[in-house]
Undergrad: 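One structure, pasted below without further comment.
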Amino acid sequence: MILDNIDLNDVQIEAIKHNDSPSMIIAGAGSGKTRVLTYKIAYLMKEKNIPPYNILALTFTNKAAKEMSNRIEKAVGLETNSLWLGTFHSVFAKILRFEADMLGFSRNFSIYDRDDSKSVIKSIIKELNLDDKIYNPNTVIARISGAKNRLMSAKQYYEDPICQSDDQTAKRPMLGKIFLMYEARCFKADAMDFDDILINTYRLFNQNPEILYKYQEKFKYILVDEFQDTNLIQYNIIKDLSAIHENICIVGDDAQSIYAFRGANIYNMLNFKKDFPKTKIFKLEQNYRSTKNIVNAANSVIKYNENQMPKESWTGNVAGDLIFITSCIDNIDEARKISDSILENHISKHYSYDKFAVLCRTNYQFRSLEEELRKANIPYKIVGGMSFYQRKEIKDMLAYFKFVINHNDEEAFRRIINMPKRGIGPTTVNKIIIAAHDNDMSIWDTLCNAQHILKGKTANIIEDFVEMIKASKIQLEKNNAFETASFIAQRSGLLKELFEDKTINGSSRYENVQELLNAAKNFSENKQEDNSLSDFIQEVSLLTGVDEADQKDDNLPKVTLMTIHSSKGLEFEYVYIAGMEEQLFPSALMINSKEDLEEERRLFYVAITRAKNAVYLSHASKRFKFGKLIDCVPSRFIKEIDPKFIHFQNKSFNFRSKNNFFNNKPFFKKNKIEKTNNIEEDINFEATDPKELKAGDNVEHQKFGKGKIHSITNSQGTIKAKVYFKDFGEKTLLLSFAKLRVIK
DNA sequence: CTATCGCACTGTAGT
DNA sequence: AGTGCGATAG
């Protein structure tokens, strides 16, 4: 039998074998959650002979889905293809493509990411002649997304008295109108944003009982991973889907719920038992990952949270090291101490670099860390952050693909119409879009009849453009993703333009587009069917920064730099948590209520429990932000760890102040480890007095080499220079810190 | 229409 | 520190 010879404890086995009524598996950090889930699916398929297409398994990240699929393949052999395993968004998007016409969409609908939505919102705000400082696009998006997550349509929002009065007091009376226009615009462009994928699935099932029934019968077994991160809509959909068979198994840990900010609802976990009274609960409390000190320290912090389910996380592992705490002068000192410590552990304990992770609350903290790791010649990789698919040239290329697939995609149209430059400026674009809106025609039909609104050269250019799209469409219908993509890349002239750009930035853009074509190639070759460009785009639209991390990897072990959010589900021998400061972690922007603070605390809990062997916390007294030095105070979370589990690395600490945990001057010692020879360090640069620099000067920079000052500006008290470097393109430098030397 | 320059804003997290 | 936008020059 499949579970024989597999290392599983009694509760795990019980949980795996329970499949005839709802169940909830409360799985603490490091308790073998994924293991249970994968073997549960394997067990259903092999022992219960459930056909894979009757099983639906939902995860939150593509990465988790991929890993689970790999593990199942290992356990049962190669039959996971027909298994419905994927993220909420990808599975629901798949269903929506099948049933699109029920909702008035086509099966080629586009998916708008945040940037696309933002751009639509911006153009609406502009059209309505509203002030984008009051109607900040981010705020507007947040309001709309919030309403959508409460299952409110634009029309309902527009008519709702509470929403109206809220917006009135916030001085944003037009928000309802913007929402209405946004919804209309997306619908017309045959596009859905991330929220729409969930909402439309919910509506599809609620408005069409026969379709719901079809899927209820199809998905006889439903499993949900990371259930604590589901929002209300996601929960309602899976509740509906499992209403007949009630073979639903949810796995989660309330202590690791860190997505309330995007609508995840910790109470879903508590409500589940009410909605499914027959629920059997399993608690996986043994931690197989971390040492006793780490588990106990994590427990001592999380007990400050009032909202949580009772459980006892414990481990049979060794006691291990205490939690190290280091005080630093500023973020550069912090980065240096972390890189020194990594090097020391790497050398003395022979741990390869991939055993280390540096976790941060925010993305911008990576900059100083990166620099120090680079100086110390420690290989590293950054996970998340700016995604490959968010780069300009990639978005441009994807916009071409999207427009060929969906001729009504207005966002894609705006992006590509003058990329590469073909002489179509904003005036012409507006003419076309206004003509389309006025005559209630689609963008595409307007383009095909461009001779009515445009004259001479411009009309010819548009005609050529239309021809190009038509030719690409023909490719789309008969060829696979790679063939079509290559055709479009060349025919559009985008590839040629990038190829001819000989600056470093230009050639890296060219390489990026090649990389994208390469991805399309792999996609086409790995699949026998469903390998058209449409299928490729569907997959890519739901991909994020975290997913590509391993993609370009050259097998060299590297230290991982990531945010705590993206570290969820992973584990490392050594975990460094940088920036343990009030305002930063817990984040000042975040904590408006007790619930918010508790979420930050859970985030801290997640961070600590990533570690198998040791945790290093560091905090700085000063930190650069927006080019300014900010004073920082150690995080309250440090104080909350039971002192029994802490070791202070800086001996000079004392507890003089009652209010501030450490308000004495932090101890600073010279680096013990000698730096490897680094050419850049050999050049001894002195920062030139900013007053001596002026626009047009030829300069040399320590890191970027030779360049020319474009302009010098003084904004909000910081003097900045835009410098064009020969090898690195345009950079903005803070003149007070940048080490520039004037070349005569 | 396109290129360049100065200014202002942003800076939680991820599908 | 990077980006994006508007003003202005080309």
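In this text the structure is predicted, and so the values were computed from the model without any measurement. Sequence lines set the chain letters: A, B, ... in the order given, protein chains first and strands last, and positions in each chain run from 1.
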Undergrad: Does OP1 or OP2 of dC1(B) have a side-chain N or O of Thr428(A) closer than 4.0 Å?
TA: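 It does, given that an N or O in the side chain of Thr428(A) lies less than 4.0 Å from OP1 or OP2 of dC1(B).
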Undergrad: Could you give the CG-to-C1' distance, from Asp115(A) to dT3(C), as a whole number of Å?
TA: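 Between C1' of dT3(C) and CG of Asp115(A): 12 Å.
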Undergrad: Is there a side-chain contact between Ile577(A) and Met580(A), using heavy atoms and a 4.5 Å cut-off?
TA: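 A side-chain contact exists here, since the closest heavy-atom pair is under 4.5 Å.
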Undergrad: Rounded to the nearest Å, what distance is computed from the NZ atom of residue Lys457(A) to the P atom of nucleotide dC1(B)?
TA: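 Atom-to-atom, Lys457(A) to dC1(B), this comes out as 9 Å.
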Undergrad: Would you indicate, yes or no, if dT10(B) has its OP1 or OP2 atom less than 4.0 angstrom from a side-chain nitrogen or oxygen of Asn138(A)?
TA: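 Answer is no, no contact under 4.0 Å.
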Undergrad: Is the phosphate of dG14(B), meaning OP1 or OP2, less than 4.0 Å from a side-chain N or O of Ser566(A)?
TA: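 Result: yes.
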Undergrad: Give every pair of a protein N or O atom and an N or O atom of nucleotides 4-10 of chain C that lie under 3.5 Å apart, one pair per line with the distance.
TA:
from: dG4(C); atom 1: O6; to: Lys722(A); atom 2: NZ; distance (Å): 3.4

Undergrad: To the nearest angstrom, how far is Ile197(A) atom CD1 from dT15(B) atom C1'?
TA: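 Checked: the CD1 to C1' distance equals 8 Å.
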Undergrad: Charged N to carboxylate O below 4.0 Å: is that the case for Asp225(A) and Lys33(A)?
TA: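 Looking at Lys33(A) together with Asp225(A), the answer is yes, because their closest N to O distance falls below 4.0 Å.
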Undergrad: Hey, is the side chain of Thr427(A) poking within less than 4.0 Å of OP1 or OP2 on dC1(B), counting only N and O atoms?
TA: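 For Thr427(A), the contact criterion (side-chain N or O under 4.0 Å from OP1 or OP2 of dC1(B)) is met.
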Undergrad: Just how far, in rounded Å, is C1' of dG14(B) from CG of Leu603(A)?
TA: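 Distance, rounded to whole Å: 13 Å.
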Undergrad: With sequence neighbours excluded, what pairs up with Glu463(A) under the side-chain hydrogen bond (donor to acceptor under 3.5 Å, both in side chains) test?
TA: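 By the side-chain hydrogen bond (donor to acceptor under 3.5 Å, both in side chains) rule, Glu463(A) matches no residue at all.
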Undergrad: In terms of side-chain heavy atoms of His565(A), which of dA13(B), dT10(B), dT15(B) is nearest?
TA: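 Nearest to the side chain of His565(A) among the choices is dA13(B).
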Undergrad: NA contact type, Ser90(A), heavy-atom cut-off 4.0 Å: base, sugar-phosphate, or nothing?
TA: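 Nothing, no nucleic acid heavy atom in range.
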Undergrad: Quick one: label Phe60(A) by what it contacts on the DNA or RNA (base, sugar-phosphate, nothing), any heavy atom closer than 4.0 Å.
TA: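 Answer is sugar-phosphate: Phe60(A) comes under 4.0 Å of backbone atoms only.
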Undergrad: Testing the 3.5 Å rule here: is there a donor-acceptor pair between the side chains of Glu393(A) and Asn512(A)?
TA: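 Result is yes, a qualifying pair exists.
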Undergrad: Tell me if the CD atom of Gln583(A) is crowded by more than 12 foreign heavy atoms within 6.0 Å.
TA: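 Open.
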Undergrad: Answer with yes or no whether the side chains of Asn331(A) and Arg623(A) bring together a donor and an acceptor at under 3.5 Å.
TA: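 No, because no side-chain N or O of Arg623(A) sits under 3.5 Å from a partner of the opposite role on Asn331(A).
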Undergrad: Assess the side chains of Tyr259(A) and Asn231(A): does a donor N or O sit below 3.5 Å from an acceptor N or O?
TA: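 On atom types as modelled, these side chains do not qualify, holding no pair under 3.5 Å.
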Undergrad: NA contact type, Asn136(A), heavy-atom cut-off 4.0 Å: base, sugar-phosphate, or nothing?
TA: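 Sugar-phosphate: the residue Asn136(A), judged by heavy atoms under 4.0 Å, touches backbone atoms but no base.
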Undergrad: Using OP1 and OP2 only, check whether a side-chain N or O of Asn231(A) sits under 4.0 Å from dT15(B).
TA: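 It does not, given that no N or O in the side chain of Asn231(A) lies less than 4.0 Å from OP1 or OP2 of dT15(B).
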Undergrad: When the nearest nucleotide of DNA chain B is assigned to Ser587(A) and to Pro426(A) on a heavy-atom basis, which residue is associated with the more 5' position?
TA: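 It is Pro426(A), whose closest nucleotide lies nearer the 5' terminus.
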Undergrad: How do Phe194(A) and Lys133(A) order along DNA chain B: which one's closest nucleotide is nearer the 5' end?
TA: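 Nearer the 5' end of the strand: Lys133(A).
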Undergrad: Does Arg97(A) qualify as a cation-pi partner of Phe109(A), given the criterion of NZ or CZ under 6.0 Å from the six-membered ring centre and within 45 degrees of its axis?
TA: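 Judged by the rule, Arg97(A) and Phe109(A) form a cation-pi pair.
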Undergrad: Atom CG of Asn418(A) and atom P of dC1(B): how far apart are they, to the nearest Å?
TA: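 Going from CG in Asn418(A) over to P in dC1(B) covers 9 Å.
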Undergrad: Report the distance from atom NZ of Lys421(A) to atom C1' of dT4(B), rounded to the nearest whole Å.
TA: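 Going from Lys421(A) (NZ) to dT4(B) (C1'), I get 13 Å.
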Undergrad: Rounded to whole Å, how long is the line connecting atom CG of Asn149(A) with atom C1' of dG14(B)?
TA: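 Rounded to whole Å, this separation is 13 Å.
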Undergrad: Just the rounded figure in Å: distance from C1' of dC9(B) to CD1 of Ile134(A).
TA: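 Roughly 16 Å, once rounded to whole Å.
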